[in-house]
Amino acid sequence: MLDVLIVGGGIGGLALAQGLRRHGINAAVYERDRRRDDRVDRYRLAINPAGSRSLRACLPDPQWQAFTDTVGRPGGGFGFLGTDLRTLVLVEDALMYPDDPDPAERAYPVDRRTLRGVLLDGLDDAVHYDKTFVRYELTADGRPTAHFADGTSVTCDVLVGADGVNSRARAQYLPSATQRDTGAVGVGLKLPLNDDTRAWLPARLAEGMNLVLTGAPHFLFTSVFERQESVGDDYLLCAFVARNQLLPSRPERLDGAQLKAYVAGLITAWHPALRRLIDECPPDDVSVFPFQASDRPAPWAPSRVTVLGDAVHGMPPAGGNGANTALRDAALLTRQLSLADTGHLPLLDAIGEYETEMREYGFEAVDLALRTLQQGMMSNPVNVGLTRGWFSLCGIVSPLRRMTFGPSWAKISAPRHWERAVTLTS
């Protein structure tokens, strides 16, 4: 039986651990957080059919049921709005992701912290906390030994770096794999959804997802998370994205109130409800994060060390494909390592096939995220005018709307050949 060591207990690493253990493979996660509940990020994720398909492939039945029980209420579509809150075009849910009778082929709004809790369930004996990865070395027979900051070390058959955009595992494994600053920064905010806020919040902002187009090098994205059965913690996620020069050079040094003040200064001409939205988000729920993107690396020879998720194909959150792509990595790597564990493939062939496929779809997702980011920050007056005019026309003519927006969601989440094979044989 293979022993797999996973560096990092984020969504991708935990999904991989669930998938491997489901296939009888020994998997252990080494996480730098000191305890299970250290992460306090409560942000909405849009799980698309690729993410759902991957979760179904990795999760045992009880965890899959827990996932579907805790997703948010679907619906609301995707609206493209002006700063006056006029809807340019509303893309219906059925156009983004046509309804499918298979729950594993649907899109779901989820709360990140809730999803991580589902992924942790059943892994109590597999997740080791307060373990900061430092480096690895290879034994004489090629097996990796991971070294941690507390002086301990663990030897395994396969080491998987799932330790995020600043991955130490990747830095050692693929030192030529570089990342770049996209020139943009995001400010995340959350507005509690309750009777008081719903009383003044415009109806369009209180449902689905929305992108406020500005004609300036910044934009606002909003998305609603409402539980299927209300427990009083529904919220509206807001992400204000701007070019770096519009915020201080070290925005991470600002507190929530200061970040809100900078955003407020950039939206003084916006609709009063949008300004109030920013003003009423609690400062403690405001954070800032730079947008980075991984450069596409040249192919490399496979070894007993590999990487997944943001550790290899980090991308800005524009388009919402980062978590979905990490989940797809987890499902594919689970498949490949299970083939090696059962003797159907040599181990390095299995890992090499994973890395070849992962590079293809992973960097397609990076490219899409960068295009989406640049479109959102578009400020050329001619391009802005043409885009708004076309969106308005799409809002009136449904065939144009289908032609323009349908492929952008469907392509990135469509089943790949190995996913279709799993579906046909399951």
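We're numbering straight along the sequence, starting at 1. Just so it is clear, the model here is predicted, and its values are computed rather than measured.
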Hey, is CD on Glu229 packed in by over 12 heavy atoms from elsewhere, all under 6.0 Å? no
CG (Asp181) and CD (Gln292) are apart, to the nearest 0.5 Å, by 6.5 Å
Spacing of Leu20 atom CG and Cys58 atom SG [to the nearest 0.5 Å]: 8.0 Å
Is there a side-chain contact between Leu393 and Trp390 (heavy atoms, below 4.5 Å)? yes
What are the two closest non-hydrogen atoms of Val134 and Arg168, and how far apart are they? CA-NH1, 3.9 Å
Before giving the answer on side chain to side chain contact (heavy atoms under 4.5 Å, CB included), spell out for Arg44 and Met209 the whole-Å C-alpha distance, their side-chain angles and the decisive distance to 0.1 Å. CA-CA 11 Å; Arg44 179 194 191 275; Met209 296 177 284; 3.6 Å; yes
Provide the closest heavy-atom pair for Tyr235 versus Asp111 in the form atom of the first, atom of the second, distance. OH-OD1, 2.7 Å
Give the minimum heavy-atom separation between Ala326 and His313, together with the two atoms involved. N-CE1, 4.5 Å
List the steps and the verdict of salt bridge (charged side-chain N to carboxylate O under 4.0 Å, His left out) for Asp102 and Arg53. CA-CA 10 Å; Asp102 184 355; Arg53 192 182 308 122; over 6 Å; no
Looking only at non-hydrogen atoms, find the nearest pair between Ile396 and Arg401 and report the distance. N-NH1, 4.4 Å
I need the minimum non-hydrogen distance between Pro297 and Phe363, along with the two atoms involved. CD-CZ, 3.3 Å
Within 45° of the six-membered ring axis of Tyr361 and under 6.0 Å from that ring's centre, is NZ or CZ of Arg328 located there? yes
Going by the angle between their ring planes, with limits at 30° and 60°, are Trp270 and Phe240 parallel, tilted or perpendicular? tilted
Roughly how far, to the nearest 0.5 Å, is the CD atom of Glu252 from the CG atom of Leu259? 9.5 Å
Stepwise salt bridge (charged side-chain N to carboxylate O under 4.0 Å, His left out) check, Asp125 with Arg21: CA-CA 11 Å; Asp125 62 330; Arg21 285 164 66 94; 3.0 Å; yes
For Phe80 and Phe78, I'd like to know if the aromatic rings sit close, meaning centre-to-centre distance below 6.0 Å. yes
How about Phe391 and Phe405: are their ring centres within less than 6.0 Å of each other? yes
Between the side chains of Glu364 and Lys411, is the shortest nitrogen-to-carboxylate-oxygen separation below 4.0 Å, so that they form an ion pair? no
Could you tell me whether the side chain of Leu370 reaches within less than 4.5 Å of the side chain of Arg180, counting heavy atoms only? yes
Between Arg56 and Asp61, is a salt bridge (charged side-chain N to carboxylate O under 4.0 Å, His left out) present by the stated rule, with each step listed? CA-CA 8 Å; Arg56 174 66 283 200; Asp61 291 344; 2.9 Å; yes
Looking at every heavy atom in both Ala162 and Leu308, which two are closest together, and how far apart are they? CB-CD1, 3.7 Å
Determine, step by step, whether Arg170 and Ser294 satisfy the side chain to side chain donor-acceptor pair (under 3.5 Å) criterion, reporting the C-alpha distance in whole Å, the side-chain angles of both residues, the deciding distance to 0.1 Å, and the verdict. CA-CA 11 Å; Arg170 183 208 64 246; Ser294 298; 5.5 Å; no
Residue from Leu81, Leu191, Val224 passing side chain to side chain contact (heavy atoms under 4.5 Å, CB included) with Leu205: Leu81
